[in-house]
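Okay, so here's the structure we're looking at.
Owing to the predicted nature of the structure, the values given are computational and were not obtained by experimental measurement. Residue numbers start at 1 and run along the sequence shown. Because only heavy atoms are used, hydrogens play no part in the values below, and waters and symmetry mates are left out as well, while side chains stay in.
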Amino acid sequence: MKTHFITFLLLVGMSLGISSRLHAQSSYQPGEENLKAREEFQDNKFGIFLHWGLYAMLATGEWTMTNNNLNYKEYAKLAGGFYPSKFDADKWVEAIKASGAKYICFTSRHHEGFSMFDTKYSDYNVVKATPFKRDIVKELAAACAKQGIKLHFYYSHLDWAREDYPWGRTGQGTGRSNSKGDWKSYYQFMNNQLTELLTNYGPIGAIWFDGWWDQAPTFNWELPEQYALIHKLQPGCLVGNNHHQTPFDGEDIQIFERDLPGENASGLSGQEVSHLPLETCETMNGMWGYKITDQNYKSTKTLIHYLVKAAGKNANLLMNIGPQPDGELPAVAVQRLAEMGEWMKQYGETIYGTRSGVVAPHDWGVTTQKGNKLYVHILDLKDAALFLPLTGKKVKKAVLFKDQSPVRFTKTKAGVLLEFAEVPKDIDYVVELTID
């Protein structure tokens, strides 16, 4: 992930009206397996992002290498002390599953260039370069398979440590000698690693790319060929790219960073919302990677509201946690997971398998829909009544979801007026409407 100074550079790129579409071939036709995977992805609605790498040892966030111009040869010495003695993949997955999340997206290789899996294409990996000598991705994949959680892989398109990666906008002070790099070599390296990830670890739900924004908009990343490789190796594996552009040919999902679709508070999401399955990623505290001084965790209410608002905008929520250097998930994060899970046990039916409802999002909340059930998620209402502009729909029944008690409603030409005994105070006051 990236710091805010990238925002200006992205806006410059977008203003030029140039994108990787220049290099894309409009020939991608997703197969039946891929289309089925897209539906399942949308049904799942909630995932957990895990940013973990050598940067956790410095406890200053995942961008510390470039932010502090750390020489890559010196930085690599961190690997010699990386021994996360408390790492337990089963415990991770158990805690994540308890939250109601259906999938995990794990950083297989972040911008620092360190591979968190056993790769034969670089010795700079968790098995060969550390005293830990365990394949973290392998253990995580096994735990996910055992507990019925989908596994996705984050994969960085840029690398601050490899001499063959052409210098981009970041990582210029990390000590690499050749600014031009060797693109052919680096591109082959990436595809070799992607082949390993999609061959050695079972079915993978998605490859989540990041880093396109590091190069000039005219740079040819050769994405169509790379995407085709992924789809060939695992037709059901979805491709997403955190490039902050309208999706390119060959992509299966559209990603939004720190913004809900159609919003742009963070300055990274001015692109159009596509017809593809949508996902928004957000941090549980302030950073993606572990930062010892960042204890600014969002409240459980805030996290639930973000999940509900994402569902109301037809998107998944990918909520991030930065594991500690010792291999444990931060205790506050685990607590938040448990509290979200308690809420999902009661209200998951109004989230899983739904799509955005026929009533558009408003300041008071959102709607989700499944078949003839319209779920009205009231998140912030100051009155004991709510008008819904439901034209062309017949409301047959209205009940409070949590106890199925009847909710009084009045039909008008312009819609339906819901009346409550008191002003809603629940974290999410859900009214279930049966409609025709």
Side-chain angles (χ1 to χ4, degrees), residues 1-3 41 44-53 55-56 61-63 87 89 91-112 116-117 136-137 140-141 143-144 147 149-157 197 204-211 237-244 253-261 266 268-269 277-291 294 296-298 302-304 306-307 309-311 315-324 327-330 332-337 340-341 344:
M1 313 305 284
K2 59 215 67 66
T3 47
F41 174 80
N44 285 341
K45 280 295 180 290
F46 183 29
I48 295 297
F49 217 165
L50 295 170
H51 272 72
W52 202 35
Y55 43 83
E62 75 290 346
W63 268 56
F87 171 66
K91 283 183 66 176
W92 276 22
V93 177
E94 184 179 350
I96 288 168
K97 186 175 182 177
S99 75
K102 299 295 186 182
Y103 61 96
I104 290 170
C105 185
F106 181 75
T107 49
S108 63
R109 185 177 69 94
H110 204 269
H111 310 325
E112 64 176 2
M116 297 292 280
F117 62 101
I136 286 168
V137 165
L140 191 58
C144 285
Q147 299 193 47
I149 297 293
K150 279 277 189 180
L151 181 60
H152 300 185
F153 289 137
Y154 170 109
Y155 190 84
S156 175
H157 263 139
L197 289 169
I204 303 304
I207 297 293
W208 205 102
F209 286 112
D210 192 20
C237 181
L238 305 177
V239 172
N241 196 324
N242 190 38
H243 46 44
H244 312 112
I253 60 175
Q254 183 174 7
I255 296 167
F256 297 85
E257 181 178 346
R258 294 188 186 271
D259 272 309
L260 295 169
S266 70
L268 298 170
S269 302
L278 311 175
E279 181 186 70
T280 182
C281 59
E282 180 56 285
T283 55
M284 191 175 279
N285 50 358
M287 293 293 294
W288 301 98
Y290 179 70
K291 185 176 181 180
D294 180 13
N296 188 29
Y297 281 85
K298 298 172 179 66
T302 297
L303 298 178
I304 290 172
Y306 212 90
L307 172 61
K309 288 178 180 179
N316 289 16
L317 174 62
L318 184 61
M319 179 61 63
N320 182 74
I321 298 171
Q324 297 168 177
E328 286 194 318
L329 302 179
V332 179
V334 174
Q335 180 184 357
R336 293 292 188 276
L337 291 175
M340 291 184 79
M344 288 295 276

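Here the CH2 atom belonging to W92 is positioned 13.5 Å from the CD atom belonging to Q147, to the nearest 0.5 angstrom. Atom-to-atom distance recorded for C105:SG and I48:CD1 is 11.0 Å, nearest 0.5 angstrom. The line from CG of L140 to OG of S108 is 11.0 Å long, rounded to the nearest 0.5 Å. Taken from CG in L318 to SG in C281, the straight-line distance is 6.0 Å, to the nearest 0.5 Å. Here the straight-line distance linking atom CG of N320 with atom CG of L50 works out to 7.0 Å at 0.5 Å rounding. In this structure, CG in L337 is found 12.0 Å from CE in M344, a value given to the nearest 0.5 Å.
Here the rule is side-chain hydrogen bond (donor to acceptor under 3.5 Å, both in side chains) with Y154, and of T107, N242, D210 only D210 fits it. Each of I321, L329, I96 was scored for a side chain to side chain contact (heavy atoms under 4.5 Å, CB included) with V334, with one residue passing: L329. The ring pair (Phe, Tyr, Trp, His ring centres under 6.0 Å) test with W208 singles out one residue from F41, F49, F153, Y103, and that residue is F49. Remark: of the listed residues E94, K102, K97, K97 is the sole one forming a side chain to side chain contact (heavy atoms under 4.5 Å, CB included) with I149.
In plain terms, the two heavy atoms of G205 and K150 that are nearest each other are CA-CD, 4.4 Å. Heavy-atom minimum distance, H51 versus P323: O-CD, 3.2 Å. Of all non-hydrogen atoms in G286 and D294, the two that sit nearest each other are N-OD2, 2.7 Å. Of all the heavy atoms in I255 and G240, the pair that sits closest is CD1-C, 3.7 Å. Scanning both residues, E257 and S269, for their nearest heavy atoms gives O-OG, 3.7 Å. Nearest heavy-atom pair across G53 and E112 is CA-OE2, 3.5 Å.
Looking only at side-chain heavy atoms (C-beta outward), H157 and N241 come within less than 4.5 Å of each other. For the pair L307 and M319, the minimum side-chain heavy-atom distance is 4.5 Å or more. A heavy-atom distance below 4.5 Å is not found between the side chains of N316 and P277. Side-chain contact check for F46 versus M340: some heavy-atom pair is nearer than 4.5 Å.
The aromatic rings of F209 and Y155 stand perpendicular to each other, their planes meeting at an angle above 60°, with 30° marking the opposite boundary.
Checked by atom type and distance alone, the side chain of E62 never pairs as donor or acceptor with a backbone atom of H110 at under 3.5 Å. No donor-acceptor pair closer than 3.5 Å links the side chain of T280 to the backbone N or O of L317. Looking only at distances, a side-chain donor or acceptor of K298 sits under 3.5 Å from a matching main-chain atom of N285.
In this structure, W52 has its ring center under 6.0 Å from that of F87.
Applying the salt bridge (Lys or Arg N to Asp or Glu O under 4.0 Å) criterion to R109, with sequence neighbours excluded, gives D159.
Residues R258 and T283 have side chains that bring a donor and an acceptor to within less than 3.5 angstrom of each other.
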